[in-house]
Amino acid sequence: MEEIRDLRERIRKLDRFLSDPPIVSDTVRGTRKDGTIGPIKITGVPVPEYQRKEKIRERYREMLEEKEAELLELTCKAEEYIESIPKAEIRIMFRLYYIDGLTWEQVARQMNRAFPKKRISYTADSCRMRAKRFFEKF
């Protein structure tokens, strides 16, 4: 997920550059339109740099599509595995942590909302330990 966020940010930066490229200027000595010889100011967009960044953006977009497809496949596999867990409580915890990307602290808060009548409330450590014990068993 982080890699996808990073690629999206890189594409956004390149889009900003390509939508408003820097204008460069230089002064050269040559013949003006009126026939006199002297300094002439030339301004424009640096074409090689612009084209290079366009190619990089396209490569990033291709990489992003591949990574998103890969993430979708992995997410489906993780969902299938989580569905095979017999205890609903553990399934909910795993979905929150591994699929939704919440921290253990956020998972504990969500679990306390989902199970408000539980005698002992959930904490980040208790959720983490339950996950650890589950994986030690299997």
Side-chain angles (χ1 to χ4, degrees):
M1 287 184 203
E2 287 299 319
E3 193 172 7
I4 288 173
R5 280 190 206 112
D6 178 56
L7 282 171
R8 284 185 181 145
E9 182 59 31
R10 289 172 189 272
I11 290 170
R12 253 186 250 119
K13 285 180 183 177
L14 287 170
D15 284 342
R16 273 185 259 140
F17 174 85
L18 295 171
S19 68
D20 188 25
I23 305 296
V24 294
S25 61
D26 196 9
T27 305
V28 296
R29 185 173 165 84
T31 306
R32 297 187 193 119
K33 290 180 185 176
D34 61 2
T36 61
I37 297 175
I40 303 170
K41 185 176 180 182
I42 300 171
T43 59
V45 175
V47 176
E49 182 181 4
Y50 189 86
Q51 289 174 341
R52 183 175 53 84
K53 291 203 177 194
E54 274 184 326
K55 287 178 186 176
I56 291 171
R57 180 180 61 178
E58 288 310 309
R59 270 193 252 138
Y60 280 160
R61 284 193 175 147
E62 290 169 7
M63 287 171 57
L64 180 62
E65 287 176 15
E66 290 172 12
K67 293 294 178 187
E68 285 175 337
E70 182 182 342
L71 177 64
L72 183 61
E73 182 67 32
L74 290 172
T75 303
C76 288
K77 286 180 182 178
E79 281 282 357
E80 289 171 4
Y81 179 75
I82 289 171
E83 276 303 310
S84 71
I85 297 171
K87 290 187 95 179
E89 202 174 13
I90 301 287
R91 282 196 308 263
I92 294 169
M93 262 192 254
F94 283 5
R95 267 193 212 101
L96 293 171
Y97 186 75
Y98 293 108
I99 305 296
D100 298 340
L102 300 180
T103 64
W104 284 117
E105 192 68 40
Q106 294 167 327
V107 169
R109 273 191 244 120
Q110 291 281 25
M111 293 299 288
N112 285 325
R113 282 190 207 119
F115 300 98
K117 295 182 181 181
K118 191 162 190 275
R119 192 171 58 98
I120 299 172
S121 62
Y122 293 93
T123 64
D125 289 333
S126 69
C127 292
R128 188 179 313 110
M129 286 306 295
R130 281 182 154 209
K132 182 181 175 186
R133 287 185 192 122
F134 175 82
F135 286 120
E136 285 174 353
K137 279 184 185 178
F138 297 97

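Keep in mind the model is a prediction, meaning the values are calculated, not measured.
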Is there a path from M1 to Y81 through hydrophobic residues (I, L, V, M, F, W, Y) whose side chains come within less than 4.5 Å of each other? no
With sequence neighbours excluded, tell me which residues meet side chain to side chain donor-acceptor pair (under 3.5 Å) with R113. Q110
Between atom OG1 of T123 and atom CE of M129, what is the distance when rounded to the nearest 0.5 Å? 10.5 Å
Does any pair with a residue in residues 34-50 pass side chain to side chain donor-acceptor pair (under 3.5 Å), and if so which ones, sequence neighbours excluded? R32-T36, D34-T36
Approximate separation, where rounding is to 0.5 Å, of L96 CG and R91 CZ: 12.5 Å
Hydrophobic cluster of I40, others only, ordered by chain and residue number, side-chain cut-off 4.5 Å: V28, I42
Distance, nearest 0.5 Å, that separates SG of C127 from CG of N112: 7.5 Å
Calculate, to the nearest 0.5 Å, the distance between atoms CD1 and CD belonging to I4 and E9 respectively. 14.5 Å
Could you label the plane-to-plane angle of the Y97 and W104 rings as parallel, tilted or perpendicular, counting under 30° as parallel and over 60° as perpendicular? parallel
Once you round to the nearest 0.5 Å, how far does CE of M93 lie from CG of L102? 13.0 Å
Could you pull out all donor-acceptor pairs under 3.5 Å where a side-chain atom in residues 13-23 meets a protein atom, sequence neighbours excluded?
{"unit_1": "D15", "atom_1": "OD1", "unit_2": "R57", "atom_2": "NH1", "d": "2.8"}
{"unit_1": "D15", "atom_1": "OD1", "unit_2": "R61", "atom_2": "NH2", "d": "3.3"}
{"unit_1": "S19", "atom_1": "OG", "unit_2": "D15", "atom_2": "O", "d": "3.2"}
{"unit_1": "S19", "atom_1": "OG", "unit_2": "R16", "atom_2": "O", "d": "3.1"}

Quick one: do I90 and R130 satisfy side chain to side chain contact (heavy atoms under 4.5 Å, CB included)? Show the steps, please. CA-CA 8 Å; I90 301 287; R130 281 182 154 209; 4.3 Å; yes
Among all residues two or more places apart in sequence or in another chain, which pass the ring-ring contact (aromatic ring centres under 6.0 Å, His included) test with F134? F94, F138
To check you understand the geometry: which heavy-atom pair defines the closest contact between T103 and Q106, and what is its length? N-OE1, 2.8 Å
Report yes or no: does R95 contribute a side-chain atom to a donor-acceptor pair with the main-chain N or O of D100 at less than 3.5 Å? no
Taking CD in E3 as the centre, count heavy atoms belonging to other residues, nucleotides or ligands within less than 6.0 Å. Is the count above 12? no
Pair up each side-chain donor or acceptor in residues 64-77 with any protein partner under 3.5 Å, not counting sequence neighbours, and list the distances.
{"unit_1": "E68", "atom_1": "OE2", "unit_2": "R8", "atom_2": "NH2", "d": "2.4"}
{"unit_1": "T75", "atom_1": "OG1", "unit_2": "L71", "atom_2": "O", "d": "2.7"}

Minimal heavy-atom distance between A124 and A108, with the atoms involved, is N-CB, 3.6 Å
So E2 and D6, side chain to side chain contact (heavy atoms under 4.5 Å, CB included) or not? Walk me through it. CA-CA 6 Å; E2 287 299 319; D6 178 56; over 6 Å; no
